[in-house]
Q: 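Can you keep this structure in mind? I'll have questions shortly.
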Amino acid sequence: QVQLVESGGGLVQPGGSLRLSCAASGSIFSIYTMGWYRQSPGKQRELVARISSGGSTYYADSVKGRFTISRDNAKNTVHLQMNSLKPEDTAVYYCTAAPPASAYRYWGQGTQVNVSS
């Protein structure tokens, strides 16, 4: 069992930055693939970025070059640094944890990000 708690969302102007954090507890954090998804009203939930236990990363095309995912296994945390934010980045952002060799994901409760002038 894994519990995930996101933080760091809020309101930011276009071009600004936010750093999301996700604190994990309850299991062996270092072996999980960690990810960030987002969902905005009327749209499907989409994968934004993920980082494997070995540190390999993946980014959606829409955020490449602007977002950076990182993990700190000693602190059981994963971060999403979001720069050059655009209004279309407005969404609820969810942290996920995927056990090795499993299609199952644990989900956090989500944190709202609003990009608006």
Side-chain angles (χ1 to χ4, degrees):
Q1 188 73 14
V2 175
Q3 294 82 43
L4 302 171
V5 178
E6 301 99 332
S7 61
L11 174 64
V12 63
Q13 291 186 342
S17 298
L18 280 175
R19 188 186 192 219
L20 304 183
S21 297
C22 174
S25 62
S27 190
I28 306 173
F29 175 81
S30 63
I31 68 173
Y32 284 72
T33 292
M34 302 300 295
W36 288 95
Y37 283 72
R38 68 185 180 188
Q39 187 168 23
S40 52
K43 294 187 178 181
Q44 287 190 329
R45 190 172 294 185
E46 62 173 345
L47 174 64
V48 176
R50 66 170 177 249
I51 184 167
S52 71
S53 58
S56 297
T57 57
Y58 163 87
Y59 297 94
D61 287 343
S62 58
V63 307
K64 277 181 183 176
R66 301 189 297 122
F67 291 11
T68 302
I69 189 170
S70 62
R71 66 190 299 161
D72 184 339
N73 290 336
K75 297 183 178 179
N76 282 14
T77 56
V78 62
H79 303 286
L80 186 68
Q81 178 67 43
M82 306 186 295
N83 298 328
S84 302
L85 282 161
K86 305 175 181 180
E88 51 263 44
D89 295 317
T90 294
V92 178
Y93 284 71
Y94 298 90
C95 176
T96 65
S102 172
Y104 184 80
R105 286 184 184 84
Y106 296 94
W107 293 82
Q109 82 288 351
T111 185
Q112 179 71 48
V113 171
N114 289 311
V115 185
S116 174
S117 55

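Values below: all heavy atoms of this structure, side chains included; hydrogens, waters and symmetry mates excluded. Each residue takes its place number in the sequence, starting with 1. Values in this document were obtained by computation on a predicted structure and should not be read as measured data.
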Q: How would you list, by chain and number, every residue that makes a side-chain hydrogen bond (donor to acceptor under 3.5 Å, both in side chains) with Arg105, sequence neighbours excluded?
A: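 For Arg105, the residues satisfying side-chain hydrogen bond (donor to acceptor under 3.5 Å, both in side chains) (neighbours in sequence not counted) are Tyr37.
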
Q: Less than 4.5 Å apart, any side-chain heavy atom of Lys64 and any of Arg66?
A: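 Side chain of Lys64 against side chain of Arg66, heavy atoms only: no contact under 4.5 Å found.
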
Q: Donor-acceptor pair, distance only, cut-off 3.5 Å: does the side chain of Gln81 make one with the backbone of Thr68?
A: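 Side chain of Gln81 to backbone of Thr68, a donor-acceptor pair under 3.5 Å: no, none is there.
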
Q: Would you check if Glu88 and Val115 make a side-chain contact, meaning some heavy-atom pair closer than 4.5 Å?
A: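 When only atoms from C-beta onward are counted, Val115 and Glu88 do not touch, as no gap falls below 4.5 Å.
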
Q: Minimum heavy-atom separation for Ala97 to Val2, with atom names?
A: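 Minimum heavy-atom contact is CB-CG1, 4.3 Å.
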
Q: Report the residues that fulfil ring pair (Phe, Tyr, Trp, His ring centres under 6.0 Å) with Tyr106, sequence neighbours left out, ordered by chain and then residue number.
A: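 For Tyr106 the ring pair (Phe, Tyr, Trp, His ring centres under 6.0 Å) partners, ignoring immediate neighbours, are Tyr104.
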
Q: Is the closest side-chain heavy-atom distance between Leu80 and Met82 below 4.5 Å?
A: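 A side-chain contact exists here, since the closest heavy-atom pair is under 4.5 Å.
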
Q: What side-chain donor-acceptor pairs closer than 3.5 Å can you find for residues 8-24, not counting sequence neighbours?
A:
unit_1 : atom_1 : unit_2 : atom_2 : d
Ser17  : OG     : Asn83  : OD1    : 2.9
Arg19  : NH2    : His79  : NE2    : 3.4
Ser21  : OG     : His79  : ND1    : 2.9

Q: With heavy-atom distances below 4.5 Å as the criterion, would you say the side chains of Ile69 and Val78 are in contact?
A: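 Counting from C-beta outward, Ile69 and Val78 do come under 4.5 Å.
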
Q: Does any non-hydrogen side-chain atom of Ile51 lie less than 4.5 Å from one of Thr33?
A: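 With C-beta onward as the side chain, the pair stays apart.
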
Q: The criterion is side-chain hydrogen bond (donor to acceptor under 3.5 Å, both in side chains); which residues satisfy it with Lys43, sequence neighbours excluded?
A: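 Lys43: no side-chain hydrogen bond (donor to acceptor under 3.5 Å, both in side chains) contacts found.
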
Q: Would you say the side chain of Leu47 lies within less than 4.5 Å of the side chain of Trp36, judging by non-hydrogen atoms?
A: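 Trp36 vs Leu47: side chains apart.
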
Q: Once you round to the nearest 0.5 Å, how far does CG of Asn76 lie from CE of Met34?
A: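 Those atoms lie 8.5 Å apart.
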
Q: Taking side-chain contact (heavy atoms from CB on, under 4.5 Å) as the definition, give me every residue that meets it alongside Glu46, ordered by chain and number, with sequence neighbours left out.
A: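 If we apply the side-chain contact (heavy atoms from CB on, under 4.5 Å) test to Glu46, skipping adjacent residues, the hits are Arg38.
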
Q: The criterion is side-chain hydrogen bond (donor to acceptor under 3.5 Å, both in side chains); which residues satisfy it with Tyr94, sequence neighbours excluded?
A: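 Tyr94: no side-chain hydrogen bond (donor to acceptor under 3.5 Å, both in side chains) contacts found.
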
Q: Is any side-chain heavy atom of Tyr59 closer than 4.5 Å to a side-chain heavy atom of Arg50?
A: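 Tyr59 does not reach Arg50 side chain to side chain.
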
Q: How far does CG of Leu85 sit from CG of Asn114, to the nearest 0.5 angstrom?
A: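 Leu85 CG to Asn114 CG: 11.0 Å, rounded to 0.5 Å.
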
Q: For a side chain to side chain contact (heavy atoms under 4.5 Å, CB included) check, start with the C-alpha distance between Gln39 and Tyr93, then their side-chain angles and the critical distance, and finish with the verdict.
A: CA-CA 7 Å; Gln39 187 168 23; Tyr93 284 71; over 6 Å; no

Q: Can you tell me how far apart CG (Asn73) and CD1 (Ile31) are? Round to the nearest 0.5 Å.
A: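 Answer for the CG-CD1 pair, Asn73 versus Ile31, is 10.5 Å.
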
Q: Under a 4.5 Å cut-off applied to non-hydrogen side-chain atoms, are Ser53 and Tyr32 in contact?
A: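 A side-chain contact under 4.5 Å is absent here.
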
Q: Judged by atom type as modelled, is there a donor-acceptor pair below 3.5 Å linking the side chain of Ser102 to the main-chain atoms of Pro99?
A: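 No; judged by distance alone, with no hydrogens or angles, the pair does not exist.
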
Q: In Å and rounded to the nearest 0.5 Å, what is the CZ to CG distance from Phe29 to Leu4?
A: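 Reported value, rounded in 0.5 Å steps: 8.5 Å.
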
